[in-house]
Amino acid sequence: MNSILQVLSHLQKFRECFLNLDPSQTQQLFPKAPNGKAPLSGRPAGGSATELSSRSEGADVCEREGLCFNGGASISRSLELIQNKEPSSKHISLCHELHTLFRVMWSGKWALVSPFAMLHSVWSLIPAFRGYDQQDAQEFLCELLHKVQQELESEGTTRRILIPFSQRKLTKQVLKVVNTIFHGQLLSQVTCVSCNYKSNTIEPFWDLSLEFPERYHCIEKGFVPLNQTECLLTEMLAKFTETEALEGRIYACDQCNSKRRKSNPKPLVLSEARKQLMIYRLPQVLRLHLKRFRWSGRNHREKIGVHVVFDQVLTMEPYCCRDMLSSLDKETFAYDLSAVVMHHGKGFGSGHYTAYCYNTEGGFWVHCNDSKLNVCSVEEVCKTQAYILFYTQRTVQGNARISENQLQAQVQSSNNDEGRPRPIP
């Protein structure tokens, strides 16, 4: 949970839209500090590298619990904020907890925060993650975003989230950000071998789960041949978009069966076919899930521990369909590395997750490991055994900050456009 929340808080566009929710009631959202005050500026601040690793005396206790955070902003003094175990609002809401947590983390006032309210809200709303069993970071990320989306979509119904009426319109734009920031489209193309007819289907995606090449699945007992100690991320993307032959004559081609009437008692003509997936529409933030865990034997999942070579800049042009290539600027295909989630350990049922995140406020990389946060170099990041990679589209990176006035203006514009026919993207 810590690694995923740190990544989401460092994705600038995601963070900014949640920080803008409920800005008028900041002081009421946080538990009291030991001195009876709630010192919150509600504004991200860039700090020096040395200040980021400061800790409170209670850090060791929280480190054992695995529930502490270092704020991504500067830290003027070593203070720890421990949330109550009850949610911070009357109604359990992950959106509200994200807003509360992000404001604390980026206030510049706290060295550590123990997000108990967030944890217990997750336990209540996502029962599969209740308790202290080992869980998968990729599954948690998908479930968390799904629940947040559900909450925002339910706004206006009996299951409303706790947001002041004056800010209620902002939820529509926040929902738009949540729905679009990771959203892309795939072109699934099936080609009939008999007549070469191509059938195209557009499918949505929010992340790409990338398989390791077959040679890494044949490795027994974790021993890797010397010539297979590394795998290229570009090779895994190429494998995802490569053409594969469907087994046997199983494809009912529309072209081959076009002259056949529906009332005809004769069976459909089945033929061999090839299938290929290509990216049709690129997301603003590209999530790449590396499928390190594979089934081996009965109810046992092993980890593929080879190093995946990835770069700070990723070009997605080779993996997009031709129609898209001709209509977009070259800069659209360029992505900059924003965050990496790493799994430490040898198996699925044990281990530990940490996150490497790029701090857009200060322009440096940080390694987030529960209550520890250390500045690191991008070279160190690229040497990690990545499990989930986050790349931000370069054309989006410079325009990530969203002010409350901009949000309200966009919401007003979208309200005026409701009811009008819209072209299909």
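Everything numeric here is computed off the predicted structure, so don't read it as measured data. Both backbone and side-chain heavy atoms feed into the values below; hydrogens, waters and symmetry mates do not.
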Closest heavy-atom contact between [X] and [Y]?
X	Y	answer
Leu8	Phe14	O-CD2, 3.6 Å
Gly184	Pro283	N-CB, 4.1 Å
Ala386	Val340	CB-CG1, 3.6 Å
Leu112	Ser371	CD2-O, 3.5 Å
Met278	Cys320	CB-C, 4.4 Å
Phe102	Ser9	CE2-CB, 3.5 Å

Any chance the side chains of [X] and [Y] put a donor and an acceptor closer than 3.5 Å?
X	Y	value
Asn369	Tyr356	no
His343	Lys303	yes
Asn179	Gln149	yes
His10	Thr360	no
Ser199	Gln189	no
Gln255	Asn196	no

Taking the six-membered ring for Trp, are the ring centroids of [X] and [Y] within less than 6.0 Å of each other?
X	Y	answer
Phe116	Trp123	no
Trp365	Tyr358	yes
Tyr353	Phe140	no
Tyr387	His289	yes

Does any non-hydrogen side-chain atom of [Y] lie less than 4.5 Å from one of [X]?
X	Y	value
Lys275	Ser188	yes
Val193	Arg274	yes
Leu286	Leu314	yes
Cys231	His307	no
Cys368	Val366	yes
Leu19	Arg103	yes

(request) Please step through side-chain contact (heavy atoms from CB on, under 4.5 Å) for the pair Leu389 and Arg287, ending with a clear verdict. (result) CA-CA 6 Å; Leu389 294 164; Arg287 286 161 44 197; over 6 Å; no
Roughly how far, to the nearest 0.5 Å, is the [atom2] atom of [Y] from the [atom1] atom of [X]?
X	Y	atom1	atom2	answer
Met316	Thr234	CE	OG1	11.0 Å
Glu230	Glu235	CD	CD	11.5 Å
Leu288	Asp207	CG	CG	8.5 Å
Gln135	Arg130	CD	CZ	12.0 Å
Glu97	Ile92	CD	CD1	9.0 Å
Ile279	Phe333	CD1	CZ	10.0 Å

Side-chain donor/acceptor of [X] to backbone N/O of [Y], under 3.5 Å:
X	Y	value
Gln312	Val378	no
Arg292	Val306	yes
Thr384	Glu380	no

(message) Apply side-chain contact (heavy atoms from CB on, under 4.5 Å) to residues Arg394 and Val313 and explain how you reach the verdict.
(response) CA-CA 9 Å; Arg394 186 166 291 178; Val313 178; 3.4 Å; yes
(request) Check the pair Val285, Gln393 against side-chain contact (heavy atoms from CB on, under 4.5 Å), reporting the backbone distance first and the verdict last. (result) CA-CA 6 Å; Val285 176; Gln393 198 171 36; over 6 Å; no
(request) List the steps and the verdict of side-chain contact (heavy atoms from CB on, under 4.5 Å) for Gln284 and Thr180. (result) CA-CA 7 Å; Gln284 297 170 10; Thr180 59; 4.1 Å; yes
(message) Apply salt bridge (charged side-chain N to carboxylate O under 4.0 Å, His left out) to residues Glu211 and Lys291 and explain how you reach the verdict.
(response) CA-CA 6 Å; Glu211 295 272 3; Lys291 300 180 72 172; 3.1 Å; yes
(request) Would you indicate whether Glu242, at its atom CD, is surrounded by more than 12 heavy atoms from other residues, nucleotides or ligands within a distance under 6.0 Å? (result) yes
